[in-house]
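Letters go in sequence order (proteins before strands), and every chain restarts at 1. Reckoned from all heavy atoms, side chains included, excluding hydrogens, waters and symmetry mates.
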Amino acid sequence: MTKDFLIVFGHFDQFLAGLWNTLWLAGATLLLASVLGCAIAALMLARQRFIRKSVAFLVDGMRCIPFLLLAYLVYYGLPELGLQFDSWTCGVSALVLYHSAYIAEIVRGAWSNLAREQIDAGKAFGFHGYRLFRRIILPQLFFASAPVVGNQTVQILKDTAFLMIITVPELTFVASSIQATYFVPFAAFIVAMVLYWAVTLVIEAGVRRVELSAALRRA
Amino acid sequence: MLEGAAVTALVSILAIAVGVPLGLLLAIIRWRRVPLLSNAVAAYVSLIRATPAITLALLIFFALPSFGIVLTPLAAAVLTLTVNTSAFNCEIWRAALIDFPAEQLDAARAFGLRPRLAFRRIIFPQIWRTSLPALVNEMTLLIKASPALAVIGLVDLTRAASRIGAATYKPLPPFIVATLLYVLLVLAFVALQRLAERHLYAMRSAQ
């Protein structure tokens, strides 16, 4: 067993490269899905009933399907539409598409809980459109939804592992190929799990920081 | 394809049947602050909640044989989902236990109920009602994580779809059908939850 772990630590640079790819995937997804999620949430609160209903239907549908199936649909579906992408681009698009639906739902919840007077006050001070969103709405949305978005970030992190199936070289892919070469299954996957765990603990600590500064802002 | 869907449903239901009570047991260990065990459970829950289902499935399927435990893909699949869901269920039950009003516990003690009887008669009937929505939500998450089991060779809905795709050289149609079947499975659980909630509501207003 010790020998197994020595083999794994001998290839730790590959694990770090896989971890870096995982972090990159999760980070890019969080950023892009947050932007897209805010836009979708705005549509879900639109004045036109038709837009509201159809966007809500799409969001609910997306939240019913397993991420791996969406990744497959994107991976095999885009070439049918004449679009050829590498597995990396497919993976990121699938992650962003999937998680923007979840983030839209989170943001919509926080948005409809915003105090109406704040927005009216903002308008009275001459804020409109983008500036109203950026200066008045967004900061409040950010602090109100931070804990739930934190949980969603952990979910994004875990969903990146599915991309090993479409051969994206992320952390689980690296662990799996090391174990296939040297047959060290326990050591390889335990080390991968501990790395995921460490990232999750950092995310949770980050959320606590944000909550603390939200409490300070309110005080 | 339908066979694959049945395997997915079977594996999920088995994992739920073991994982929900196991989660309760873990939650009680933490709630009663059993020395050492409580810390071990906290670490277990934290680690498992951070682990992707696919990584856990690979660990269980490939690493257990080197400890002399050889599992079929089906057994490994059920074990993976059970380990995964019990960690999440533990947190759901624990939240309900923490929120449980202390006055009721004091009242039970004043009436001379032993802890075990108080749990069965007073605590459990209430916490399972408050936990039900969250538990069903976790069940839908479990179904959505179950395609991870295709990597260890279980012929579930996902693997059935990719087999058909590989045989016909047209991967898209089987995956579209599989996706729709997953949506139906998830919706079935949500409908079940609505039904159970309505039933509980009727029971409460009848009391």
Side-chain angles (χ1 to χ4, degrees), chain A residues 1 4 22 60-81 98 151 154-165 170-176 179-180 183-204, chain B residues 8 43-44 46-67 84 137 140-152 156-159 161-162 165-166 169-190:
Chain A
M1 195 45 76
D4 289 7
T22 291
D60 285 347
M62 190 61 91
R63 300 194 319 142
C64 276
I65 67 179
F67 172 68
L68 181 62
L69 270 291
L70 181 76
Y72 272 132
L73 290 180
V74 170
Y75 190 60
Y76 291 118
L78 287 183
E80 302 260 319
L81 297 174
Y98 192 71
N151 286 343
V154 174
Q155 200 58 48
I156 294 174
L157 175 75
K158 288 162 58 177
D159 276 346
T160 60
F162 277 115
L163 297 180
M164 73 161 282
I165 293 183
E170 47 67 63
L171 183 54
T172 301
F173 183 87
V174 169
S176 183
Q179 100 81 18
F183 199 69
V184 285
F186 184 74
F189 293 124
I190 278 289
V191 166
M193 279 171 67
V194 168
L195 290 175
Y196 282 114
W197 192 17
V199 177
T200 304
L201 293 179
V202 170
I203 293 171
E204 283 170 358
Chain B
T8 292
Y44 165 85
S46 174
L47 173 67
I48 297 299
R49 272 160 44 103
T51 303
I54 199 162
T55 320
L56 188 63
L58 290 167
L59 176 80
I60 287 178
F61 188 63
F62 287 111
L64 283 186
S66 50
F67 296 99
N84 179 56
N137 186 35
T140 63
L141 288 174
L142 176 124
I143 294 174
K144 286 190 278 182
S146 73
L149 304 169
V151 287
I152 57 169
D156 69 335
L157 184 47
T158 303
R159 202 177 178 86
S162 64
Y169 295 106
K170 283 204 178 68
L172 199 51
F175 278 123
I176 291 175
V177 176
T179 304
L180 292 176
L181 287 174
Y182 274 112
V183 171
L184 285 180
L185 269 176
V186 170
L187 288 180
F189 273 91
V190 175

Between the CG atom in A:Leu68 and the CD1 atom in A:Ile165, the distance rounded to the nearest 0.5 Å is 4.5 Å

Rounding to 0.5 Å, atoms CD1 (B:Ile143) and SG (A:Cys64) come to a distance of 10.0 Å

Contacts of A:Thr172 meeting side chain to side chain donor-acceptor pair (under 3.5 Å) (sequence neighbours excluded), chain-then-number -> A:Tyr196, B:Thr55

*asked:* side-chain contact (heavy atoms from CB on, under 4.5 Å) for A:Thr200 and B:Ser46? Distances and angles first, verdict last.
replied: CA-CA 9 Å; A:Thr200 304; B:Ser46 174; over 6 Å; no

Only pairs of heavy atoms separated by less than 4.5 Å count here; which of [options] has the most with chain A?
{"options": "B:Val183, B:Leu47, B:Ile54", "answer": "B:Leu47"}
{"options": "B:Pro147, B:Ser162, B:Pro65, B:Ala161", "answer": "B:Pro147"}
{"options": "B:Leu56, B:Val151, B:Leu59, B:Ile176", "answer": "B:Leu59"}
{"options": "B:Ser146, B:Ser66, B:Ala150, B:Ala148", "answer": "B:Ala148"}

So, A:Tyr72 versus B:Thr179: side-chain donor-acceptor pair below 3.5 Å or not? no

Quick check: does any side chain N or O of B:Lys144 sit under 3.5 Å from a backbone N or O of B:Tyr182, one acting as donor and the other as acceptor? no

Select one option (side chain, backbone, both, neither) describing which atoms of [X] are under 4.5 Å from chain A's heavy atoms.
{"X": "B:Phe61", "value": "neither"}
{"X": "B:Ala53", "value": "neither"}
{"X": "B:Leu187", "value": "side chain"}

Exercise for the section: Assign the ring pair A:Phe67 / A:Phe162 to parallel, tilted or perpendicular, where the plane angle (0 to 90°) is split at 30° and 60°. Expected result: tilted

Counting only heavy atoms closer than 4.5 Å, note whether [X] contacts chain B via side chain, backbone, both or neither.
{"X": "A:Ile190", "result": "both"}
{"X": "A:Gln179", "result": "side chain"}
{"X": "A:Ile65", "result": "both"}
{"X": "A:Leu73", "result": "both"}

When every non-hydrogen atom of A:Met193 is compared with those of B:Ile48, the smallest separation belongs to CE-CD1, 4.3 Å

